[in-house]
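One structure below.
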Amino acid sequence: MCGPAPRWAAGNRRSMSTAVRVRYAPSPTGIPHVGNIRTALFNWLFARHMGGSFIVRIEDTDQARKVDGAVEAILESLAWLGIDWDEGPERDGCGERGAYGSYFQSRRKEEGLYDRYARQLVNGGHAYVCDCTTERLDSMREAQRAAGQPPGYDRRCRNLAAQARAAQAANGSPKVVRFKVPESGDTSFHDLIRDEVSFQNDLLDDFVLLKSDGFPTYHLANVVDDHLMEVTHVMRAEEWLSSTPRHVLLYDAFGWTPPLFAHLPMILGSDRSKLSKRHGATSLLEYRDEGFLPEAMLNFLALLGWSLDDKTEKFTSDELIKHFAIERIGKTGAIFNKEKLEWFNGVYVRQMPATGLARRMTPFLEGKGGLPADVSRPIDQAYLSRIVPLVQERVKRLDEAAELTGFFFSDGIAPQAADLVQKGMDGAATRGALEAALARMEALAAWDAPALEQALRALAGELQVKTGQLFGALRFAATGSKATPPLFDTLAVLGRERVLRRVRRAAQALAA
RNA sequence: GGCGCAUUGGUCUAGCGGCCCAGGACGCCUCCCUCUCAAGGAGGAGAUCACGGGUUCGAAUCCCGUAUGCGCUACCA
């Protein structure tokens, strides 16, 4: 499985550096959704723009909410978009890289790290041990709510007399460590996106730093790790804005200089609320499976909350890196607009080389939900390479490939007489036209688009039907579809044998 | 309820005091191209810049209030 255990703090750790260091700090509680990944993207763009470091740190401090496979899904999501990281878990899940590890908070916890810092705060008079039960806490909050008071810890354990403290230490009950929030004054900080933000301390309660299971809370772990990892900018979603004063207070208590903060606008569901399962497909990997291209997704995501100017909207990742600036990040939440994503995807599909498109389409054609079962796999790549140019400007998502190209592969098309007959014609006329076309096509010396077009256009004239009528009937006879790529190209790629067989069958259907 | 943040067409956005009775894009509609569908081209509908007060010669842009939305208010992150 994995090789030897990594050695932490092994070297070239540049302290005294002014280089930018940012981090993406997801908690492995599920498959990351587009909002999570957008946060990662902004951090990455900023790091790369500034020539700094991008760190991935796994905040797995909640044992109850931990989900198997989540770390892999996070790393896979980043990798899919081409977001690379300088420090953090290795992509294959084996080991980690970077001189500030571990990058898993659960491992840092095992080393006693948070315990040490929590104790330092207790010893310094900035925190205290609390053994209030959850039952008591719950009823306290209930009473507060009933009385119209803001809910919050009532600080019962904050100022225990020496004797009571000793008794508490001896009683063996579960204990947490709480931070002593100043009872007066304000805590304010400068946010790179929202300017000055200020909170009254007396509205903050004594939040927990260390849980009774020994794990740190987000507040403690995040502050300790950002400091130890020398993180310079904390760029995270706006939902964290309200807890930032707690973090600032913690930095103060430790005597550390806080990083710079930038609270990103959130990505919202169609009802403008925080993204959740209720909003349908929200995980990044689902979009991948629906046939969106990573470069289109990256481009689209970057524009959700950031813009360069009033017109530029197409960016490669290098261009994004080149232009990205925190000052150009917006303040308001953005609804994830799938239709625009689909448009973007179409743009990228059209501009890529046909060979690349063929390669990317193949798994969607061969996989489930792809071509009908009667089509043998693997599919003929040479044949595919002739089809792709015909559908390239018609594909929006790769998962439409099978629907668009199915008739090229499968004979399982059943032309209904009613669909064969074009406007202004009847069954007999249609059958006659099809049979005449059959004769012309059989006589063709060369089976290619120009020859087909020349012969069939001439035929329409002779038959005194509109080209649209003849071509429409032929299209349906040969493909079983009313909407296809240009007829002659399509017939040419399908091949003489297949076309004649299908058209013959259609003519017979009309006779019945 | 309290606190915080936000508020430009359905959606993403430009705008950081006069160039804006508001520009671009997606979507929608019409037309052109055309063998269908796309793609492409040309037009169009759609915003009293949330509302009300100020400040200013002048406000989408600054200030205050209100409303609305969202976020936070856990031994979750």
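Each chain gets a letter, A, B and so on, in the order its sequence line appears, and its residues count up from 1.
When distances run from any side-chain atom of K396(A) to the nucleotides A25(B), C72(B), A39(B), the shortest one goes to A39(B). Between G15(B), C35(B), G71(B), one nucleotide has an atom nearer to the side chain of E239(A) than all others, and that is G71(B). Among G71(B), A74(B), C76(B), the nucleotide with an atom closest to any side-chain atom of S273(A) is G71(B). Listed nucleotides A77(B), G71(B), C12(B) differ in distance to D62(A); the shortest reach to its side chain belongs to A77(B). Across C75(B), A25(B), C35(B), the shortest atom-to-atom separation from the side chain of W343(A) is found for A25(B). Here C12(B) is the nucleotide among A77(B), U36(B), C12(B) with the atom lying nearest to any side-chain atom of A334(A).
In summary, the side chains of D309(A) and T312(A) do present a donor paired with an acceptor at a separation below 3.5 Å, with no hydrogens or angles considered. A donor atom on one side chain and an acceptor atom on the other are not found under 3.5 Å apart for R108(A) and S102(A).
With rounding to whole Å, D419(A) atom CG is found 13 Å from U36(B) atom C1'. In this structure, the CH2 atom of W240(A) is 12 Å from the P atom of C76(B), given to the nearest Å. Atom CD1 of I267(A) and atom C1' of U11(B) are 14 Å apart (whole Å). The CG atom of L264(A) sits 16 Å away from the P atom of C12(B) (whole-angstrom rounding). Atom CD of E142(A) is separated from atom P of A74(B) by 14 Å (rounded to the nearest Å). Following rounding to the nearest Å, D489(A) (CG) and U34(B) (P) show an atom-to-atom distance of 16 Å.
Open room surrounds NZ on K322(A); 12 or fewer heavy atoms of other groups in view lie less than 6.0 Å from it.
Between P216(A) and R475(A), the one whose closest nucleotide on RNA chain B sits nearer the 5' end is R475(A). Each of T29(A) and V347(A) was assigned the nucleotide of RNA chain B with the nearest heavy atom; the assignment lying further toward the 5' end belongs to V347(A).
Taking the C1' atoms as reference points, A22(B) lies 10 Å from A14(B), given to the whole Å. Distance noted for atom P between C29(B) and G69(B): 32 Å (whole Å). One P atom belongs to C20(B), the other to A39(B), and the distance between them is 32 Å to the nearest Å. Nucleotides A6(B) and C51(B) place their C1' atoms 16 Å apart, quoted to the nearest Å. U55(B) sits 16 Å from A60(B) when the P atoms are compared, rounded to a whole Å. One C1' atom belongs to A67(B), the other to G24(B), and the distance between them is 30 Å to the nearest Å. Distance noted for atom P between C75(B) and C28(B): 49 Å (whole Å). A50(B) and U8(B) are spaced 6 Å apart, taking the P atom of each and rounding to whole Å.
With a 6.0 Å cutoff to the six-membered ring centre and a 45° limit on the axis angle, R475(A) does not count as a cation-pi contact of F471(A).
Between D205(A) and R178(A) no salt bridge is recorded (no basic side-chain N to carboxylate O distance below 4.0 Å). Ion pairing between K338(A) and E342(A) fails under the 4.0 Å rule for side-chain N and carboxylate O. Salt bridge present: E290(A) and R397(A) bring a charged side-chain N and a carboxylate O closer than 4.0 Å. The pair D154(A)-R136(A) meets the salt-bridge criterion, with a side-chain N (NZ, NE, NH1 or NH2) lying under 4.0 Å from an Asp/Glu carboxylate O. Between D62(A) and K66(A) there is no salt bridge, since no side-chain nitrogen of the basic residue lies less than 4.0 Å from a carboxylate oxygen of the acidic one. Using a 4.0 Å cut-off between charged side-chain N and carboxylate O, D226(A) and R23(A) make a salt bridge. Look at K314(A) and E319(A) and you find no salt bridge, because none of the NZ, NE, NH1 or NH2 atoms lies under 4.0 Å from a carboxylate O.
Counting distance only, with no hydrogens placed and no angle test, the side-chain atoms of K311(A) and the base atoms of A14(B) include no donor-acceptor pair under 3.5 Å. Judged by atom type and distance alone, T467(A) does not reach the base of C35(B) through any side-chain donor-acceptor pair under 3.5 Å.
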Check the pair R156(A) / D206(A) against salt bridge (Lys or Arg N to Asp or Glu O under 4.0 Å), numbers first and verdict last.
-> CA-CA 10 Å; R156(A) 180 204 247 209; D206(A) 288 355; over 6 Å; no

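Nucleic acid contact for V176(A): base, since at least one base atom lies under 4.0 Å from a heavy atom of the residue. Looking at heavy-atom distances under 4.0 Å, P245(A) makes no contact with the nucleic acid at all. Looking at heavy-atom distances under 4.0 Å, K466(A) makes no contact with the nucleic acid at all. Counting any heavy atom pair closer than 4.0 Å across all strands shown, P174(A) reaches no nucleic acid atom. Residue R328(A) is classed as a sugar-phosphate contact, given heavy-atom separations below 4.0 Å to backbone atoms only.
Residues meeting the salt bridge (charged side-chain N to carboxylate O under 4.0 Å, His left out) test with D271(A), sequence neighbours left out: R278(A).
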How does protein contact run along nucleotides 61-67 of chain B, one letter per nucleotide 5' to 3', with B for base contact, S for sugar-phosphate only, - for none, heavy atoms under 4.0 Å?
-> -------

With B for base contact, S for sugar-phosphate-only contact and - for none (protein heavy atoms under 4.0 Å), nucleotides 1-10 of chain B reads B-SSBSS---

Summarise protein proximity over nucleotides 46-51 of chain B in one line of letters, 5' to 3': B for base, S for sugar-phosphate only, - for none, counting protein heavy atoms closer than 4.0 Å.
-> ------

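Rounding to the nearest 0.5 Å gives a distance of 14.0 Å between CZ of F300(A) and CG of L293(A). Atoms CD1 and CG, on I335(A) and L304(A) in that order, are 10.0 Å from each other to the nearest 0.5 Å.
Checking each of E239(A), E238(A), R236(A) against H263(A) for a side-chain hydrogen bond (donor to acceptor under 3.5 Å, both in side chains) leaves exactly one that passes, namely R236(A).
Close to A77(B), at under 4.0 Å from its OP1 or OP2, lies a side-chain N or O of T61(A). Note on K340(A): every side-chain N or O is 4.0 Å or more away from OP1 and OP2 of U13(B). Distances shown here put every side-chain N or O of R178(A) at or beyond 4.0 Å from the OP1 or OP2 atom of A74(B). Proximity of R394(A) to the phosphate of A39(B): no side-chain N or O atom is located under 4.0 Å from OP1 or OP2. Of the side-chain N and O atoms in R141(A), one or more sit less than 4.0 angstrom from OP1 or OP2 of C75(B).
With a 3.5 Å ceiling on both atom-pair distances, the Watson-Crick or G-U wobble partner of C26(B) is G10(B). Nucleotide G65(B) is matched to C51(B) when pairs are restricted to Watson-Crick or G-U wobble geometry with both distances under 3.5 angstrom. Nucleotide G71(B) has C3(B) as its partner under the Watson-Crick or G-U criteria, with both atom distances under 3.5 Å.
Contacts with RNA chain B (heavy atom under 4.0 Å) in residues 296-310 of chain A: L303(A), L304(A), G305(A), S307(A), D309(A), D310(A), listed by number.
The aromatic ring centroids of Y287(A) and F336(A) lie less than 6.0 Å from each other.
Evaluation of the salt bridge (Lys or Arg N to Asp or Glu O under 4.0 Å) test over residues 259-269 of chain A, restricted to residues two or more places apart or in two chains, returns none.
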